[in-house]
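Let me begin by presenting the structure, written as structure tokens, before commenting on it.
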Amino acid sequence: MTEHTTERTAPASLELEAISKVYGVTRAIDEINAQVPAGEVTVIVGPSGAGKTTLLRIISGLDTPTTGRVLFDGSPIKGVPDGLAMVFQDYSRSLFPWMRVEDNVAFPLRRGVEKAERRRRVLEALQAVGLEGKERLYPWQMSGGMQQRVAIARALACHPRLLVMDEPYASVDAQTRAELEDLLLEIQTRLNVTVLVVTHDIDESVYLADNIIVMSKAPSTVQEVIRVGLARPRDQIATKEEPEFVHARAHVLRLLRGEAEPEAATPDDTLEVGV
Amino acid sequence: MSAITRDRAVRPAPSAVSRRIRRAGSSAILPLVVPALLVALWWWGSESAVNGLFIAPPRDVLDRTLSDFLSPHPGDLFLGEVARHDLVPSLWRAALGFWLAVVVGVGLGIVLGLRPVLAALFQPLVHLGRSLPTPALIGVFFLLFGTGDWPKVLLIAFGVVWPILFNTIDGVQGIGTARAHVASVFKIPSRDVLLRIVLPGAAPKIFAGVRVALSLSLIMMVISELQKAKNGLGYLLVYSQRNFDYPGFWTVLVVLAVVGIVLNVIMIQIERRVLAWHRGVTAQHD
Ligand SMILES: Nc1ncnc2c1ncn2[C@@H]1O[C@H](COP(=O)(O)OP(=O)(O)OP(=O)(O)O)[C@@H](O)[C@H]1O
Ligand SMILES: [Mg+2]
């Protein structure tokens with residue numbers, strides 16, 4: 001599996017500088033300053049309506065901020081940055097039901113990647129998500145979890161330097177969710193890619209994250225950035241029993257409920273970012 | 001669980017099989033019942049003293065249809081004289097008009113569907129066009145385009161384009177922003193967006209419109225030939241009636257029915273292929 005890393009470029013970093021977003025008279029995002037370090041998993045949590053989806057849309061160039069800017073590897077983005085790939089929440093609408101799995105995964109590669117290489121990348125990506133042999137199926141012949149794997153494979157086939165996911169596991173069952181969480185961590189380490197995930201699930205945020213960005217409710221700001229130092233590879237049972245996991249989870253929950261003042265979550269390695 | 005196995009063991013297998021055969025048999029026979037009744041009614045009408053003058057007996061009509069529309073000569077592609085003189089030109093014009101409508105309806109529908117501003121701009125015009133009764137425009141078309149094949153072709157196209165246009169706009173608008181976001185994030189070239197996202201995404205709706213347009217095009221075909229025509233099935237309807245050739249008149253109706261049925265079967269087959277995925281998706285969500 002080492003051949004992946006040789007042809008991939010380095011993971012990308014993101015900086016969000018004083019991002020705000022106003023929709024008409026609603027101020028969705030007040031001011032967001034944050035870092036997404038290269039090669040790490042950063043998780044965004046926040047109350048519903050905090051503007052998480054909006055923020056991801058801005059980061060991926062689908063929308064423009066009212067003020068502020070996004071730096072992708074240090075330079076301001078114009079449109080969708082090269083090297084960014086996205087996994088959408090609703091696989092049933094993000095995959096194309098009229099294409100077979102292989103064509104869905106190959107679709108973004110049709111421009112600029114020649115056929116044999118395209119084929120190679122599709123198989124490689126499907127293998128990475130554990131779907132080898134399923135390339136001739138249609139998405140609607142698969143379970144929800146498998147479809148979301150296809151969506152992940154499609155993103156991976158682009159050899160992204162930044163993988164952005166908006167509540168990617170919100171519509172799969174708990175067992176599948178756990179599998180896909182482990183899959184994501186494994187892929188992230190193996191392919192050395194920067195990952196930015198939005199989730200509603202606090203356990204998931206701590207389990208996946210190197211950094212958690214906790215957003216306040218709209219008009220939103222960054223309440224706190226929590227550094228999670230849990231060892232990798234993580235384990236669905238053992239990791240979740242560790243004191244740091246338990247502590248971090250409680251802290252995120254208190255922040256979201258507005259019960260905790262932003263403070264050092266884990267005594268030794270918390271990274272405070274000015275709000 | 002055990003109840004099921006017990007039930008299965010107790011149930012005598014032959015009866016289940018024979019029931020299935022009976023069901024398959026009845027599903028093949030059922031659709032034929034009403035047509036058979038219609039033919040019987042037709043025959044009964046042709047026997048009656050008064051109507052019998054105008055209603056040719058089914059048997060005569062069948063004989064006449066076969067002799068008029070079929071030929072034993074391979075050189076004529078087995079087409080009888082009337083088929084060559086009237087059926088082929090009719091179908092040719094209908095096909096041309098229909099395809100013109102498909103191209104214009106789908107093309108324009110995609111443009112309007114993708115551009116809400118244009119759609120709003122042209123909406124009154126489109127509604128006007130749709131609500132004009134096309135047969136009433138027949139004179140205008142002859143005035144504008146002379147008396148050859150073109151006014152007929154264009155009349156057919158104009159008459160059937162609306163369901164295609166409306167359905168295409170509807171289908172394109174229904175594709176949704178999620179798919180648009182996928183296209184932008186993955187930087188899909190606009191050609192692929194058009195041919196591999198927009199067109200297939202709108203295809204179920206487009207096909208619904210095209211199916212309506214197909215049967216409508218046969219109607220428009222006949223209407224366009226009722227006046228200022230030298231050939232065609234519509235012309236033949238008028239001509240045979242004027243010459244009190246009632247069996248000839250009825251053959252045209254038979255041929256129209258056959259053509260309609262054949263086209264519909266072809267359409268269903270194409271749709272079954274192209275929209276296999278759509279049936280899969282709908283089946284999954286049921
Ligand atoms: N296109 C839009 N036009 C107007 N208002 C919008 C638009 N998109 C989002 N908003 C508003 O901006 C705010 C943030 O929405 P957003 O979808 O980003 O929240 P979110 O954090 O992703 O919520 P959730 O957790 O429920 O997904 C909401 O108040 C929403 O109503
Ligand atoms: Mg959201």
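We name chains A, B, ... by the order of the sequence lines, and we start the count at 1 in each one.
Residues A/A125 and A/A153 share a closest heavy-atom pair of CB-O, 3.4 Å.
Here A/R110 is the residue among A/R110, A/M99, A/R111, A/Q141 with the most heavy-atom pairs under 4.5 Å with chain B. For the set B/A203, B/S184, B/A276, B/G176, the entry with the most heavy-atom pairs within less than 4.5 Å of chain A is B/S184.
Here the OG atom belonging to A/S60 is positioned 7.5 Å from the CD1 atom belonging to A/I77, to the nearest 0.5 angstrom. One distance of note links CD of B/Q269 with CG of B/N264; it measures 10.5 Å at 0.5 Å rounding. Once rounded to the nearest 0.5 Å, the distance linking CD1 of B/I223 with CG of B/L216 reads 8.5 Å. Note: B/I188 CD1 to A/F107 CZ = 4.5 Å, rounded to the nearest 0.5 Å.
Heavy atoms closer than 4.5 Å to chain B are found nowhere in A/D103, neither backbone nor side chain. In this structure, chain A has no heavy atom under 4.5 Å from any part of B/A180. Residue A/L95 touches chain B through its backbone alone, counting heavy-atom pairs closer than 4.5 Å.
Of all residues in residues 193-202 of chain B, those placing a non-hydrogen atom less than 4.5 angstrom from a non-hydrogen atom of chain A are B/R196, B/I197, B/P200, B/G201. The stretch residues 41-58 of chain A places A/R57 near chain B, each with some heavy atom under 4.5 Å from a heavy atom of that chain.
Among A/F96, A/W98, A/Y138, the single residue meeting the ring-ring contact (aromatic ring centres under 6.0 Å, His included) criterion with B/W277 is A/W98.
Here the side chains of A/K134 and A/R149 are not in contact, with every heavy-atom distance at 4.5 Å or above.
Between A/D63 and A/K21 a salt bridge is recorded (basic side-chain N to carboxylate O distance below 4.0 Å).
Under the 6.0 Å distance and 45° angle rule, B/K205 does not count as a cation-pi partner of B/F207.
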Return all side-chain donor-acceptor pairs below 3.5 angstrom for residues 112-131 of chain B, not counting sequence neighbours, or 'none' if the list is empty.
from	atom 1	to	atom 2	distance (Å)
B/H127	ND1	B/R130	NH2	3.3
B/S131	OG	B/H127	O	2.6
B/S131	OG	B/L128	O	3.3

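Remark: the A/S94 side chain and the A/R154 side chain contain an N/O donor-acceptor pair separated by less than 3.5 Å.
Considering only residues two or more places apart in sequence or on other chains, B/F141 meets the ring pair (Phe, Tyr, Trp, His ring centres under 6.0 Å) condition with B/F145, B/F158.
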